[in-house]
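One structure is given below, encoded as structure tokens.
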Amino acid sequence: MTELTKTLELKLVDPNAHKRRKLRETRDAYQHALQDAFDAGCTTQTEANDVVVNYDLSGYAKNALKKYVPQLTTTTYNAGDLHDDHPVRFTNEGLRLDHHPENAIEWYVKIPHHEDYHLWMPAQPNPDQRNWLEALHAGDAEMGESRLFQRDGTWYLHVTATRDVEDRSEVSTDERTLIGVDIGEASLVTVCHRDDHGSPTHPELWADEGKTVRRLRKTYFTATRRLQQRGSDRLAESFGDDLWNQIDDVFHRVTREVVEYAESVENPVLVLEDLTYIRESMDYGEYMNRRLHGWGFAKLHAQIRYKAVERGIPVETVNPRNTSKECYACDEVGYRPKQATFTCTNDDCWVGEYQADVNGAINIADRYLSGESRSREHPNDDDSAEDGAHLTAPQDSQADAETQQLTRGTYAS
Ligand SMILES: [Zn+2]
């Protein structure tokens with residue numbers, strides 16, 4: 001087991017004038033309290049508390065200050081050098097994360113402003129950190145301290161997240177069992193791998209779950225439209241949240257079962273389609289039409305990724321071009337007379353009709369070996385130890401930098 005820590009960056013999206021003012025108020029109050037406690041030379045949490053208690057800040061910010069100020073005053077930090085670009089720190093639990101996949105901006109964060117007052121704000125994550133957000137949202141990663149700061153006029157949040165992962169075994173590729181993972185509409189997820197003789201074996205399809213998700217999505221659209229027409233926006237919203245939560249529950253169960261499937265074979269690798277290619281290969285209209293399918297896609301990917309890493313199972317991605325149209329046995333491009341059926345048009349090939357999703361899954365697994373596989377989607381994956389190196393938050397202090405260095409060293413080993 002290794003403890004993995006990552007700093008997630010969230011960009012706050014277009015706060016209105018009111019919210020911008022509130023963010024500035026929080027920052028100013030925080031910086032005054034920090035300066036005050038620093039000037040007073042507080043070396044213990046109790047001393048710092050006596051100073052910061054008078055400021056109009058949330059308990060999360062005050063608690064962070066109580067811990068932080070003694071760190072500053074008792075370490076190498078040079079008195080008088082306290083610069084004014086300190087990010088506002090909140091202790092863990094100060095922040096809340098919410099996901100609304102039906103909205104154009106999917107993620108929301110709750111930022112504590114002062115006692116009993118907080119702001120919910122839409123936030124754009126770094127797409128490569130999507131799996132961490134899914135883990136946090138599901139309670140499978142633990143949220144640590146967060147920092148709020150402004151850079152070039154834009155507000156950002158840095159959130160620390162921690163989770164335990166299994167160490168992965170280092171066996172070579174030819175000893176690996178490649179499991180193709182096909183995500184679709186009819187069967188929500190399909191997995192398959194080849195046995196020692198190269199024959200496809202143990203296909204598993206989550207077709208009922210595909211049906212359930214389609215039904216829930218349809219209900220969402222018809223019901224929320226009806227409620228909105230009656231002017232019940234609030235009802236529509238809570239009903240919608242409930243439906244998305246049900247979909248998310250299905251996703252979590254399926255992705256857990258996918259990882260269990262992987263654990264049942266020797267030296268597994270999960271092979272997924274590279275989402276970047278999928279976005280590039282669609283034109284805008286198609287992209288918008290499939291956006292809802294698309295978020296399901298991204299969400300399933302992110303969940304599979306973080307759950308696989310937790311169990312020490314590697315995940316690779318491949319270019320998905322034609323993986324649903326080629327015959328797994330002869331590589332000829334065939335067709336799908338029905339959603340669930342693939343037909344090979346090569347007269348010399350023994351494959352006539354085949355389950356289309358299973359055919360797709362095997363093609364995805366095979367592509368990893370054919371050289372078209374690249375993990376360009378996630379150049380710095382979870383197990384990279386250099387996390388934090390590219391962070392752009394204003395540097396708090398020498399002391400802080402040293403603390404970070406220490407922590408980083410711990411999980412680099
Ligand atoms: Zn064929």
Side-chain angles (χ1 to χ4, degrees), residues 5-35 55-58 60-61 64-65 68 82-114 117-137 141 143-161 275-276 279 291 295 298 302 377-380 386-397 400-401 404:
T5 298
K6 206 174 188 83
T7 302
L8 313 182
E9 183 167 280
L10 292 150
K11 179 180 149 186
L12 303 184
V13 183
D14 300 331
N16 59 26
H18 166 75
K19 286 182 176 174
R20 280 202 305 272
R21 195 177 64 242
K22 292 291 177 196
L23 291 172
R24 281 197 305 270
E25 278 173 21
T26 293
R27 182 192 54 196
D28 294 348
Y30 180 91
Q31 285 177 354
H32 285 141
L34 173 62
Q35 187 73 55
Y55 283 85
D56 196 11
L57 283 167
S58 82
Y60 303 110
L65 274 170
Y68 185 49
L82 192 64
H83 35 93
D84 56 6
D85 60 350
H86 282 264
V88 179
R89 291 155 171 262
F90 302 105
T91 50
N92 65 329
E93 301 294 313
L95 227 68
R96 283 274 183 289
L97 192 66
D98 206 0
H99 192 214
H100 289 269
E102 72 276 25
N103 295 349
I105 305 289
E106 296 181 19
W107 295 92
Y108 292 77
V109 280
K110 189 182 93 174
I111 301 172
H113 180 51
H114 44 73
Y117 186 91
H118 55 258
L119 300 166
W120 273 107
M121 304 193 60
Q124 198 104 62
N126 173 344
D128 288 346
Q129 297 179 328
R130 176 73 189 251
N131 43 343
W132 276 88
L133 287 179
E134 287 289 340
L136 269 182
H137 191 235
M143 197 185 285
E145 194 182 64
S146 52
R147 307 172 192 201
L148 171 74
F149 64 95
Q150 201 179 16
R151 184 173 71 220
D152 301 329
T154 304
W155 287 91
Y156 293 88
L157 265 172
H158 277 179
V159 181
T160 332
L275 294 175
T276 330
R279 281 196 294 271
R291 206 176 67 80
W295 74 255
E377 189 193 357
H378 295 264
N380 290 314
E386 59 179 331
D387 176 40
H390 62 287
L391 293 184
T392 41
Q395 194 56 263
D396 272 333
S397 68
D400 195 42
Q404 280 194 0

Any chance you could lay out the side chain to side chain contact (heavy atoms under 4.5 Å, CB included) test for Ile105 and Gln124, step after step, and finish with the verdict?
-> CA-CA 7 Å; Ile105 305 289; Gln124 198 104 62; 3.8 Å; yes

Partners passing ring-ring contact (aromatic ring centres under 6.0 Å, His included) against Trp107 (at least two apart in sequence or in another chain) = His99, His137

Would you check if the side chain of Glu145 reaches a backbone N or O of Thr160 as a donor-acceptor pair within less than 3.5 Å?
-> no

With sequence neighbours excluded, what pairs up with Ala29 under the side-chain contact (heavy atoms from CB on, under 4.5 Å) test?
-> Leu57

Across all chains, not counting sequence neighbours, the side-chain contact (heavy atoms from CB on, under 4.5 Å) partners of Leu119 are Lys19, Lys22, Leu23, Tyr117, Met121

Looking only at non-hydrogen atoms, find the nearest pair between Pro112 and Gly94 and report the distance.
-> CG-O, 3.2 Å

Using the side chain to side chain contact (heavy atoms under 4.5 Å, CB included) rule, take Tyr60 and His118 through it: C-alpha gap first, then chi angles, then the decisive distance, then the call.
-> CA-CA 11 Å; Tyr60 303 110; His118 55 258; over 6 Å; no

Euclidean distance, Arg89 CZ relative to Leu65 CG, rounded to 0.5 Å | 9.0 Å

Just wondering, do Thr91 and Ser146 contact through their side chains at under 4.5 Å, heavy atoms?
-> no

CD/Gln129 to CG/Leu136 distance, rounded to the nearest 0.5 angstrom?
-> 10.5 Å

Set of residues satisfying ring-ring contact (aromatic ring centres under 6.0 Å, His included) with respect to Tyr108, sequence neighbours excluded = His100

Rounded to the nearest 0.5 Å, what separation is found between the CG atom of Leu12 and the CZ atom of Phe149?
-> 9.5 Å

Any sub-3.5 Å donor-acceptor pair from Arg20's side-chain atoms to Pro15's backbone N or O?
-> yes

Set of residues satisfying ring-ring contact (aromatic ring centres under 6.0 Å, His included) with respect to Tyr55, sequence neighbours excluded | none

Does atom CG of Asp98 have more than 12 heavy-atom neighbours from other groups under 6.0 Å away?
-> yes

Nearest heavy-atom pair of Ala123 and Pro125: which atoms, and what distance?
-> O-CD, 3.6 Å

Taking all non-hydrogen atoms of both residues, which atom of Tyr68 and which atom of Leu34 are closest, and how far apart?
-> CD2-CD1, 4.2 Å

What distance separates Phe90 CZ from Met143 CE, expressed to the nearest 0.5 Å?
-> 12.0 Å

When rounded to the nearest 0.5 angstrom, what is the spacing between CG in Leu148 and OH in Tyr156?
-> 12.5 Å

Looking at residues at least two apart in the chain, or sitting in another chain, which of them share a salt bridge (charged side-chain N to carboxylate O under 4.0 Å, His left out) with Arg21?
-> Glu25

In this structure, CD of Gln31 is separated from CG of Asp28 (nearest 0.5 Å) by 6.5 Å

